[in-house]
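Order of the sequence lines fixes the chain letters, A, B, ..., with proteins taken first and strands second; residue numbering starts at 1 for each chain.
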2 protein chains.
Amino acid sequence: MKRPLTRDRVLRAAVRVADEGGLGALTMRRLAEVLGAEAMSLYYHVRNKEEVLDGVVEVITSEINDLVDKIDLPSEGAAWKAAVRTRILTAREVFLRHPWATGVFESRTSSNPAVLRYNDGMVRLLRDGGFTHDQIHHALHALGSRSLGFTQELFDPGTGPVTEESLAALRGMADAFPHLVSMLTEIAHDDPDSTLGWCDDQKEFEFGLDLILDGLDRLRA
Amino acid sequence: MKRPLTRDRVLRAAVRVADEGGLGALTMRRLAEVLGAEAMSLYYHVRNKEEVLDGVVEVITSEINDLVDKIDLPSEGAAWKAAVRTRILTAREVFLRHPWATGVFESRTSSNPAVLRYNDGMVRLLRDGGFTHDQIHHALHALGSRSLGFTQELFDPGTGPVTEESLAALRGMADAFPHLVSMLTEIAHDDPDSTLGWCDDQKEFEFGLDLILDGLDRLRA
DNA sequence: TTGCTCGTCTTACGTCGTAAGGCTACCTTA
DNA sequence: TAAGGTAGCCTTACGACGTAAGACGAGCAA
């Protein structure tokens, strides 16, 4: 890395570092290292680490915008739903490439240009669908982070495949959490194709998304 | 603070420290200080800071469980919706008391007993409503963190009240984000009761919640 | 009395973000 | 062309963090 430092190069390098080593690896020193510079040199291009993280949000969101800008789908009237659905699932792909990034988005109320631009496009699609501005406002809040393609999961029976041990552990909790356990055992039984693990994140995301989009569709004038 | 240290006292103190100074104030040294001890003494009762944070999740969720356990509402058949709604809005109150806590929940896949117990109760209510186990599973994923009463907002026109300056700033962005700006100006105009700020978080939360609950209700057999 | 073990404290290490200021290469301007 | 300034990068150092290693004292068991 011999080229001169740039705010833009710094931010792109930050994404690269996090891609390789996770968010924990994103250190000012490590960031400088991959740029062939010293930590303090970064501060000429960036006020502090917070600004690096803000910049990361911007880089990721720009990546999303580049993708969704290429989508050319009708959005007038009833077509709004498919258009919004595609937009959101496209954005989601970016977060699948940068799994660490959701944590950064969660930690700041991002009002940078890229995020505003993404939301602007969202408002346009909903407007095409015939929603009022007030409805659109509610819709954006109802979608929350889902509009960018990710959700906060609190319920996760465990990553990894459904093993015999985990089923045994489940049976051990049947007394303490009877309803939960009987649900999970049925889930595991219904889907013996257990290599995928307990839950199919993508399917669940789409289920929740469709639930909301269908609900919104019913509100249209 | 002269009483002997306890894992439980440590965890409760952690919640207190975060309540007073935010999550950033939750330091092993600060935590020891409010307990009248030294930092390293904590490690006898707690493996590391991660375990403190896990414990904080447990304390907060227990606080939630204490509240929702007192709810005595019918949940059979169509009554499921009101029961779940009340449960979730009750949980939400706890996070309004501990605003910093959402960040802790987000940062870990919490499978501690308290969270399992909360989810167990949720499954029971949905079961009472007549949902299949498979539907309940989808429902829990669709609700995500909303089942505990909080959401990840990415869209926030700005905290604080709607001032003349912020409206002027809005007009300045009309060229870059036309749809977004025209929506926001209409929102601000429709609701001149601007002291509340741009968005009523509680109203928006309930809107999104009802959207999902209504959608689920239509799936019932 | 002796010795163990439980709970706490002292000291210290490595890592983090970053403040303060030094060094050089280049540009401006007389 | 010489003088001075500034842009860009670096060195050094500080305080805060999590925590490893082990010392210390009190209480109990033998």
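- For the ring-ring contact (aromatic ring centres under 6.0 Å, His included) test, no residue two or more places apart in sequence or in another chain qualifies with B/Tyr118.
- For A/Phe207, the ring-ring contact (aromatic ring centres under 6.0 Å, His included) partners two or more places apart in sequence, or in a different chain, are B/His138.
- For residues 161-183 of chain B, the set of pairs meeting the salt bridge (charged side-chain N to carboxylate O under 4.0 Å, His left out) definition, not counting sequence neighbours, comprises B/Glu164-B/Arg171.
- By the ring-ring contact (aromatic ring centres under 6.0 Å, His included) test, A/Phe177 pairs with no residue at all, sequence neighbours left out.
- Every pair tested for salt bridge (charged side-chain N to carboxylate O under 4.0 Å, His left out) that includes a residue from residues 35-46 of chain A fails, sequence neighbours excluded, so the list is empty.
- The aromatic rings of B/Phe95 and B/Phe105 stand perpendicular to each other, their planes meeting at an angle above 60°, with 30° marking the opposite boundary.
- Of all nucleotides in DNA chain D having an atom under 4.0 Å from a heavy atom of chain A, the first and last in 5' to 3' order are D/dA7 to D/dT12.
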Walk along nucleotides 13-24 of chain C from 5' to 3' and tag each nucleotide B, S or - by protein heavy-atom contact under 4.0 Å, base first, then sugar-phosphate.
---BBBBB----
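- When rounded to the nearest whole Å, the span between CZ of B/Arg9 and C1' of C/dG7 equals 14 Å.
- For the side chain to side chain donor-acceptor pair (under 3.5 Å) test, no residue two or more places apart in sequence or in another chain qualifies with A/Glu58.
- Legend: residues meeting side chain to side chain donor-acceptor pair (under 3.5 Å) with A/His141, ordered by chain and number and at least two apart, are A/His137, B/Glu153.
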